[in-house]
Peer 1: 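Structure incoming, see below.
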Amino acid sequence: MPDPNAATDPTATPVPAPDPNAPPAPALDLSQIKSMLNLPDTASDVELITALVELISNLQQKYDALLSDATTLQGQITNRDLEDFKDIVTPETTDFWRETLMANRNEAVRILGSIRKDNSATPPAPTPPPRVPLANRILTLPKSVIELAGGASPVDTTHAVAIRNRAHELRKTEKLPWSEAFTRAEKEHRP
């Protein structure tokens, strides 16, 4: 019987009292356990315990390897998800989203998808104004060889056009050859 005056450890978990109505625990069949471990029926308890410890050690090694593989794969999936959502995840928020994806990938992917959908609903950026070429690059009218050489002024050009038009008119109405019609038109339009 425990001493009621003894100090109790406050961090110790209380051991529940056995339930008197619980069915009795099934008895262990040591011969069945020995046959599962490929031990002879004459194996001692020490041999049985040694075989069980080796089995537990092997299982622990396999568990550690599987846990390592699962962690590596989870990291690869997280990196792939971060790459898929790189238009949303900024460098400042990468650590937050990495932890969120590791903790609850389905919910994090759903949230990132809704953020992407909301961002795509925003109106597109306004179109930039049309490009205007530099003033020295504007091509207005094709220039003649005389104008390029720095010759005729616009007044001279209008005068020449009037002469040409009059020569064409004379050629048509009076049926003159071009050279005669042009000479007459020049004489008529002399300043």
Peer 1: Determine the minimum heavy-atom distance between A185 and A167, stating which atoms define it.
Peer 2: CB-N, 3.6 Å
Peer 1: Taking only residues two or more places apart in sequence or in another chain, which ones pass side-chain hydrogen bond (donor to acceptor under 3.5 Å, both in side chains) with T183?
Peer 2: none
Peer 1: Mind checking whether T90 and T93 have side chains closer than 4.5 Å, heavy atoms only?
Peer 2: yes
Peer 1: Any side-chain heavy atom of R184 sitting closer than 4.5 Å to one from E174?
Peer 2: yes
Peer 1: Backbone N or O of S44 within a donor-acceptor pair of the E47 side chain at under 3.5 Å?
Peer 2: yes
Peer 1: So how far is it from T94 OG1 to K86 NZ, rounded to the nearest 0.5 Å?
Peer 2: 12.5 Å
Peer 1: About how many Å separate OG1 of T173 and NE2 of H168, when rounded to the nearest 0.5 Å?
Peer 2: 10.0 Å
Peer 1: Heavy-atom distance under 4.5 Å between the side chains of Q74 and L101, does that happen here?
Peer 2: no
Peer 1: Within the structure provided, determine whether I111 and W97 are in side-chain contact (heavy-atom separation under 4.5 Å).
Peer 2: yes
Peer 1: First locate atom OG1 of T78, then atom CE of M102, and finally report the distance between them rounded to the nearest 0.5 Å.
Peer 2: 4.5 Å
Peer 1: Drop me the distance from I33's CD1 to L52's CG, to the nearest 0.5 angstrom.
Peer 2: 7.0 Å
Peer 1: Suppose clustering is done on Ile, Leu, Val, Met, Phe, Trp and Tyr with side-chain heavy atoms closer than 4.5 Å. Which residues sit in the same group as Y63?
Peer 2: L67
Peer 1: One thing to verify: whether R166 and E186 come together as a salt bridge, which I'm taking to mean a side-chain N less than 4.0 angstrom from a carboxylate O.
Peer 2: no
Peer 1: Do V89 and R98 come close enough that some side-chain heavy atom pair is under 4.5 Å?
Peer 2: no
Peer 1: If you count the non-hydrogen atoms of other residues, nucleotides and ligands that lie under 6.0 Å from CD in Q32, is the total more than 12?
Peer 2: no
Peer 1: Ignoring hydrogens, what is the shortest heavy-atom contact between L170 and A181? Give both atom names and the distance.
Peer 2: CD1-O, 3.8 Å
Peer 1: Kindly compute the distance separating CG (L37) from OG1 (T50), expressed to the nearest 0.5 Å.
Peer 2: 11.0 Å
Peer 1: With sequence neighbours left out, what residues match E107 under side-chain hydrogen bond (donor to acceptor under 3.5 Å, both in side chains)?
Peer 2: R110
Peer 1: So for atom CG, which belongs to D45, do other residues, nucleotides or ligands contribute more than 12 heavy atoms lying within a distance under 6.0 Å?
Peer 2: no
Peer 1: For a quick check under 3.5 Å, do Q60 and D64 share a side-chain donor-acceptor pair by atom type?
Peer 2: yes
Peer 1: Heavy atoms only: give me the nearest L48-L39 pair and the separation to one decimal.
Peer 2: CA-CD1, 3.9 Å
Peer 1: Looking at every non-hydrogen atom in both residues, tell me the closest pair between W178 and R164 and how far apart they are.
Peer 2: CH2-O, 4.1 Å
Peer 1: Compare every heavy atom of I77 with every heavy atom of R105, then report the nearest pair and how far apart it is.
Peer 2: NE-CG2, 3.2 Å
Peer 1: For the hydrophobic clusters of this structure (ILVMFWY residues joined by side-chain heavy atoms under 4.5 Å, transitively), does one cluster hold both F182 and L176?
Peer 2: no
